[in-house]
Amino acid sequence: MKLKSQINQVIKEAFSKAGIEHEPMSVSEATKAEFGDYQFNGAMALSKKLGKNPREIATEILNNLDFTGLLAKAEIAGPGFINLWLNPLWIASQCKVAAKDSRLGVGKRETPIKVVVDYSGPNMSKQMHVGHLRSTIIGDTLANLLTFLGDEVIRQNHIGDWGTQFGMLIAYLEEMGEDGSVSLKDLEQFYKDAKGRFDADADFADKAREYVVKIQSGDQHCLNLWQKFIDISLGHCEDVYDKLCVKLTREDVKAESFYNEDLPQVIEDLISQNLLKESDGAQCVFLEGEEIPVIVQKGDGGYLYATTDLAALRYRANVLGAKRISYVVDARQAAHFKQVFKVAKESGFVAEDVKLEHIAFGTMMDKGGKPFKTRDGGTVKLIDLLDEAVVKAKETINDKDNYSKEEVEALAKIIGIGAVKYADLAINRESNYIFNWDKMLSFEGNTSLYMQYAYARIQSIFRRFDGEIIGDIIIGDALEHRLSVMLLRFEDVLYRAAVDAAPNQITTYLYELATLFMRFYEQNPILKEGVDEETKMSRLQLADLTAKTIKQGLDILGIQVVDKL
RNA sequence: GCACUCAUAGCUCAGCUGGAUAGAGCAUCGGUUUGCGGUACCGAAGGUCUCAGGUUCGAAUCCUGAUGGGUGUACCA
């Protein structure tokens with residue numbers, strides 16, 4: 001239900017009838033319940049243009065509003081606000097439609113586009129750490145969201161699988177022989193051991209350097225070892241993705257090395273575009289208004305990540321055919337992306353109509369507001385963090401005796417992982433985010449547990465009720481009214497969140513919805529004695545649609561629900 | 001130095017294209033006739049939206065400057 005645009009349409013018609021030849025601004029949600037459901041603030045803005053006082057203009061608009069459809073009432077308030085009340089009968093019928101629809105009334109985009117979402121991007125020489133968390137879950141949410149709205153989403157995991165350290169790592173893997181894959185379980189340790197050998201043994205160090213050259217020149221033996229190493233390392237990542245309920249698979253992997261062959265061509269093409277200049281021995285693109293050039297080839301002939309990114313950009317635009325390419329990467333790389341995007345456009349690698357965007361996010365901080373580290377200052381492995389979340393989640397389960405060991409385990413996983421993800425997604429992605437176990441695992445406030453609890457609570461209603469739900473939705477009081485309107489807003493929220501790539505708009509909405517439901521449920525009994533059949537049926541349907549909306553919303557965030565908590 | 005970014009209640013955060021008396025949660029205080037899941041709900045208190053100007057009928061939101069924090073600044077990714 002594109003609620004807002006339907007209301008806008010009514011306003012637009014009123015404009016036309018009133019003979020106002022301006023495009024009306026969009027209505028917005030009423031700031032307070034007493035101001036109705038929506039408000040139109042455009043009369044004040046028109047005052048100067050039309051040379052009339054705003055209340056006069058508002059009156060003209062109001063007199064031409066159509067009250068035979070979705071609007072029930074409108075009032076002029078203050079300097080010229082038009083407060084709008086939706087027709088309860090209309091709301092009820094729309095909720096009914098949504099409840100019956102598998103998509104809850106959320107339409108698919110009329111003109112879907114191909115979108116590449118680049119996220120996660122772990123480095124194969126190291127284990128995933130907390131620094132990868134935000135990219136991974138924000139990116140996954142964006143991909144889920146756009147998929148749900150009907151776009152053709154191509155997930156891209158741009159893993160780091162190339163560079164000098166791999167010579168060392170595969171030389172060490174070869175030396176370990178069969179045991180290599182075993183000790184690789186702890187990549188961190190493996191890296192340290194390899195580095196130890198590298199520093200201590202000159203022969204080994206030579207071999208490592210030799211291997212780098214050999215990989216790059218396509219030596220089969222070394223490439224096999226390299227491939228083995230990548231496979232194992234990627235397996236670790238997949239364990240994390242699995243735990244996180246993130247949908248990345250091997251099909252989504254397009255490693256850095258994938259673009260190797262195109263790199264010389266990137267340079268060639270930049271030369272033929274006259275964009276390249278040599279500076280201090282390096283090949284650079286100097287952009288207007290930028291102090292620092294984009295270096296695409298080092299003095300020694302090596303390529304840089306800007307080169308790879310350019311190759312990736314044109315592959316995504318031209319081969320994959322993407323019209324929107326979204327990079328979910330740490331905010332610290334803003335300058336890099338700004339420059340690379342500019343080069344991509346100026347060189348014609350990427351057509352003008354392709355939207356390139358850096359979905360930047362802030363840093364994860366500890367309780368004290370400092371970057372998140374272990375006690376001894378090391379990086380926190382992502383898998384350890386997730387395991388800890390599951391352990392802590394177990395403590396929140398009240399009656400463990402009612403569940404089998406496996407059930408507790410499964411439940412703890414859903415709660416713990418959901419808490420970690422939700423806490424992150426609920427923050428405006430651009431600001432830094434303070435990680436706090438107690439807060440995220442609380443039932444109170446805007447948390448996944450509150451949402452899961454609300455869902456489970458509704459499910460328990462349906463466990464107690466067995467029968468067929470028939471009849472209409474009847475909006476009987478102010479809370480039912482507000483809840484219903486909130487339910488109809490779902491589509492607007494999702495589309496807005498997709499434009500802004502802002503998961504927190506979804507969490508905010510879900511929290512408001514769940515809160516509103518709790519209030520409604522507190523005040524309006526459903527299965528208690530004395531509730532007449534018609535009212536019961538109506539409220540059951542509202543409860544059902546609320547639960548479905550929460551579930552669908554959380555599903556987009558990659559968070560599961562359970563029938564019992 | 002330059003560039004980018006942030007500054008909202010004691011704490012953690014919302015606040016969409018400028019709109020009415022700036023909103024939540026936590027913490028604090030008080031309340032809810034056995035409560036369909038009370039891990040809930042209701043209420044109170046809590047603010048110079050860092051500061052100073054400007055634009056506007058109207059500014060937390062836009063512009064300029066100041067202060068304070070964060071980040072980035074040519075051959076790592």
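Every value quoted in this text rests on a predicted model; they were computed, and no experiment measured them. We name chains A, B, ... by the order of the sequence lines, and we start the count at 1 in each one.
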For this session: Would you classify A:Glu430 as touching base, sugar-phosphate or nothing, given that sugar-phosphate means primed atoms plus P, OP1 and OP2, and contacts are heavy atoms under 4.0 Å?
Result: nothing
For this session: Identify whether any heavy atom of A:Arg463 sits under 4.0 Å from a base atom; if not, whether one sits that close to sugar-phosphate; answer base, sugar-phosphate or nothing.
Result: base
Exercise. For A:Phe35, which contact category applies under a 4.0 Å heavy-atom criterion: base, sugar-phosphate, or nothing?
Worked result: base
Exercise. Could one point to a donor on the side chain of A:Ser279 or the base of B:rA74 with an acceptor on the other under 3.5 Å away?
Worked result: yes
Exercise. Which nucleotide, B:rC16, B:rA40, B:rA74, lies nearest any side-chain atom of A:Arg496?
Worked result: B:rC16
Problem set entry | Side-chain ion pair, A:Asp500 and A:Arg496, N-O less than 4.0 Å | yes
Problem set entry | Side-chain N,O (A:Thr515) to OP1/OP2 (B:rA40) below 4.0 Å | no
Exercise. Does OP1 or OP2 of B:rC41 have a side-chain N or O of A:Tyr450 closer than 4.0 Å?
Worked result: yes
Exercise. Taking a pair as Watson-Crick or G-U wobble with both distances under 3.5 Å, which nucleotide is matched to B:rG37?
Worked result: none
Exercise. To the side chain of A:Arg457, which of B:rA40, B:rG19, B:rA77 is closest?
Worked result: B:rA40
Exercise. When you measure from the side chain of A:Lys32, which nucleotide among B:rC41, B:rC57, B:rG23 comes out closest?
Worked result: B:rG23
Problem set entry | A:Lys48 side-chain N/O to B:rC57 phosphate OP1/OP2 under 4.0 Å | yes
Problem set entry | Nearest listed nucleotide, side chain of A:Ser28, among B:rC36, B:rA14, B:rU17 | B:rU17
Exercise. Contact class for A:Asn53 (heavy atom, under 4.0 Å): base, sugar-phosphate, or nothing?
Worked result: nothing
Problem set entry | Sidechain N-carboxylate O distance under 4.0 Å for A:Arg314, A:Asp262 | yes
For this session: Check the surroundings of atom NZ in A:Lys551: do more than 12 heavy atoms from other residues, nucleotides or ligands lie under 6.0 Å from it?
Result: no
Problem set entry | Aromatic A:Tyr315 / basic A:Lys254 pairing, under 6.0 angstrom, 45° off normal | no
Exercise. Considering Watson-Crick and G-U wobble pairs with both distances under 3.5 Å, what does B:rC29 pair with?
Worked result: B:rG43
Exercise. If we require ring centres under 5.5 Å and near-parallel planes under 30°, does A:Phe81 stack on B:rG19?
Worked result: no
For this session: Give a yes or no on whether the ring-centroid distance for A:His158 and A:Tyr259 is below 6.0 angstrom.
Result: yes
For this session: Look at the side chain of A:Asn83 against the base of B:rA20 and say whether a donor-acceptor pair falls under 3.5 Å; ignore hydrogens and angles.
Result: yes
Exercise. Which part of the nucleic acid, if any, lies within contact of A:Asn504, taking any heavy atom under 4.0 Å across all strands shown: a base, the sugar-phosphate backbone alone, or nothing?
Worked result: sugar-phosphate
For this session: Tell me what A:Ala77 touches on the nucleic acid: a base, only sugar-phosphate, or nothing, going by heavy atoms under 4.0 Å.
Result: base
Exercise. Just checking A:Met518: base, sugar-phosphate only, or nothing, at a heavy-atom cut-off of under 4.0 Å?
Worked result: sugar-phosphate
Exercise. Between A:Tyr119 and A:Arg134, is there a donor-acceptor pair closer than 3.5 Å when you use the side chain of the first and the backbone of the second?
Worked result: no
Exercise. With a 4.0 Å cut-off on heavy atoms, is A:Ala45 in touch with a base, just the backbone sugar-phosphate, or nothing at all?
Worked result: base
Problem set entry | Distance between P atoms of B:rC13 and B:rU56 (Å, rounded) | 36 Å
Exercise. A:Ser135 side chain to A:Val328 main-chain N or O, any donor-acceptor pair under 3.5 Å?
Worked result: yes
Seminar exercise, completed: Considering only heavy side-chain atoms of A:Arg519, the closest of B:rC41, B:rC36, B:rU12 is B:rC41
Exercise. With a non-hydrogen cut-off below 4.0 angstrom, is A:Tyr511 in contact with a base, only sugar-phosphate, or nothing?
Worked result: sugar-phosphate
For this session: Scan A:Leu565 against the nucleic acid and name what it touches under 4.0 Å (heavy atoms): base, sugar-phosphate only, or nothing.
Result: base
Exercise. Which part of the nucleic acid, if any, lies within reach of A:Gln523 when heavy atoms closer than 4.0 Å are counted: base, sugar-phosphate only, or nothing?
Worked result: nothing
Exercise. Which part of the nucleic acid, if any, lies within reach of A:Ala456 when heavy atoms closer than 4.0 Å are counted: base, sugar-phosphate only, or nothing?
Worked result: base
Exercise. For A:Asn428, which contact category applies under a 4.0 Å heavy-atom criterion: base, sugar-phosphate, or nothing?
Worked result: sugar-phosphate
Exercise. Just checking A:Arg464: base, sugar-phosphate only, or nothing, at a heavy-atom cut-off of under 4.0 Å?
Worked result: sugar-phosphate
